[in-house]
Protein chains: 2
Amino acid sequence: MEKIDRRVLRTRALLRDALIALILERGYDELTIQDITNKADLRRATFYLHYRDKEELLLATLAESFNTLVREMESLIGSDALAGKTQLAAFLITFRHAEAQHRLYSVILNGQSGVVVAQHIREYLVRLLLGALHNTPPEQLALPAEVLAQYIAGAELALLTWWLNAGMPYSAQQMAEMTQRLILHGVADVLPLPKNTP
Amino acid sequence: MEKIDRRVLRTRALLRDALIALILERGYDELTIQDITNKADLRRATFYLHYRDKEELLLATLAESFNTLVREMESLIGSDALAGKTQLAAFLITFRHAEAQHRLYSVILNGQSGVVVAQHIREYLVRLLLGALHNTPPEQLALPAEVLAQYIAGAELALLTWWLNAGMPYSAQQMAEMTQRLILHGVADVLPLPKNTP
DNA sequence: GCGTTATCGTACAAAATGTACGTTAAAATA
DNA sequence: TATTTTAACGTACATTTTGTACGATAACGC
């Protein structure tokens, strides 16, 4: 653990806070580096001592917020990876996390941001899922692990994104339950479908 | 049907082709309007006679390519919306369509593009699905139609995006089948799971 | 053929970017 | 506390891209 100059930490925190405040005010795309450093009360040149561009700052900011979720998730998975209760808990953690920072995340996931943060989040989820799937031998899987991971991550993120954009019309608990139900059993027992499935 | 000056059609086609060629060469983000008009052998000022910015051109270009898919899909749905065979065909159409233009789509969906085209595509899919679901009375649905549509669209797009980025390691047919299976029945019968589902 | 108008050719102002460098002041260290 | 280190300031400058303007030219529709 290297020691970092307090001034550096302070500057980065100011930039992070300014970015979040401005994203909520005007959306990510509109912002210039000048805007951000103005809000943070720093010189524009100072920005370049820390980040190459707007995107790098955004990703660093997101990574910070995301680390909380990662830690919770990993301590949870430590117990027993694929049990039904654990799954529900994992979904619930995710929805609660997004709820707590919904103003930021709804802008980000929305794709208002030029940067595709959702992609990064999806990649993290996929890695997490592949790790969990790695414990079970591949011959027990009827489909490739990669496909399963992409499916689960994609479905969850789609529901999460919609939920935020729609103004969170259901509770995090309800969303977690619906998400688990759909990912586990699909739409077959939810829709009145003809039963000619291959 | 208004008649459009042939010069206008020609110019827009040139811009569209230049955009696609340059995206494949260097990625969307790198491009300036000057680059595009250079490639198209047009004046930069001419660009602004047709589109407000890069994004508007991209969306128009995508819409064009997308219309093919839309027409196929709508004629398919005309028959009987939710039958198993129809579902599989719908997935297959989508994967084949993406396959035919995979170089463009893999760049676009990847999120290399600053614009979140995936969002637009998802929105279209959701609208299509909501239309299909509208025929069935809501009290027969165990979950809100909106949630179901978001789930299906999200899962399909996730698998499609992954497939393209991974270099299409399976056939479109295989992908359509896996997608249908997962969306219909989830992961429960694919994973060796404990059976304590709520 | 004749009126219409899309595109050309060129120009200009404004905004944002990326970098440079001496100065100031806060932090780390001894 | 004294000294060294260095982050941030303050300012400047070249470059790139953008958006718009406008008369001239040539292709188009009728």
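Every chain is numbered from 1 and lettered A, B, ... according to where its sequence line falls, protein lines coming before strand lines. FYI, side chains are in, hydrogens and waters are out, and symmetry mates aren't considered; it's all heavy atoms of this structure.
Nucleotides of DNA chain D nearest to B/Leu31 and A/Thr11 differ in position, and the one nearer the 5' end is that of A/Thr11. Between A/Ala45 and A/Asp5, it is A/Asp5 whose nearest contact on DNA chain D lies nearer the 5' terminus.
Counting heavy atoms of neighbouring residues, nucleotides and ligands inside a 6.0 Å radius, atom CG of B/Asn67 exceeds 12 of them.
Between A/Glu56 atom CD and C/dG18 atom P the separation is 11 Å, expressed in whole Å. Spacing between atom OH of A/Tyr48 and atom C1' of D/dC9 amounts to 16 Å, rounded to whole angstrom units. Nucleotide C/dT17 holds its P atom 12 Å from the CG atom of A/Asn38, rounded to whole Å. When the C1' atom of D/dT18 is taken as reference, atom CG of B/Asp53 falls 11 Å away, rounded to whole Å. Rounded to an integer number of Å, the gap from B/Asp35 CG to D/dT18 C1' is 13 Å. Here the C1' atom of nucleotide C/dA15 and the CD atom of A/Glu30 are 14 Å apart, to the nearest Å. The CZ atom of A/Arg44 sits 6 Å away from the C1' atom of C/dT17 (whole-angstrom rounding). Atom CZ in B/Arg43 sits roughly 16 Å away from atom C1' in D/dA21 (whole-Å rounding).
Closest to the side chain of A/Arg7, out of C/dC8, C/dT19, D/dA7, is D/dA7. The side chain of B/His50 has C/dT7 as its nearest neighbour among D/dG19, C/dT7, D/dT20. Residue A/Leu42 places its side chain closer to D/dC9 than to any other of D/dC9, C/dC8, D/dT18. For A/Thr32, the listed nucleotide lying nearest its side chain is C/dA16; candidates were C/dA28, C/dA16, C/dT7.
Phosphate proximity of C/dA28 to A/Arg6: present, with a side-chain N or O under 4.0 Å from OP1 or OP2.
With rounding to the nearest 0.5 angstrom, the NZ atom of A/Lys54 is 8.5 Å from the CD1 atom of A/Ile23.
Ring to ring, A/Trp163 and A/Phe95 are close: their centroids are under 6.0 angstrom apart.
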Full working for side-chain hydrogen bond (donor to acceptor under 3.5 Å, both in side chains) between B/Tyr105 and B/Thr161: CA-CA 8 Å; B/Tyr105 273 89; B/Thr161 304; over 6 Å; no
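Relative orientation of the B/Phe66 and B/His97 rings is perpendicular, given thresholds of 30° and 60° on the angle between their planes.
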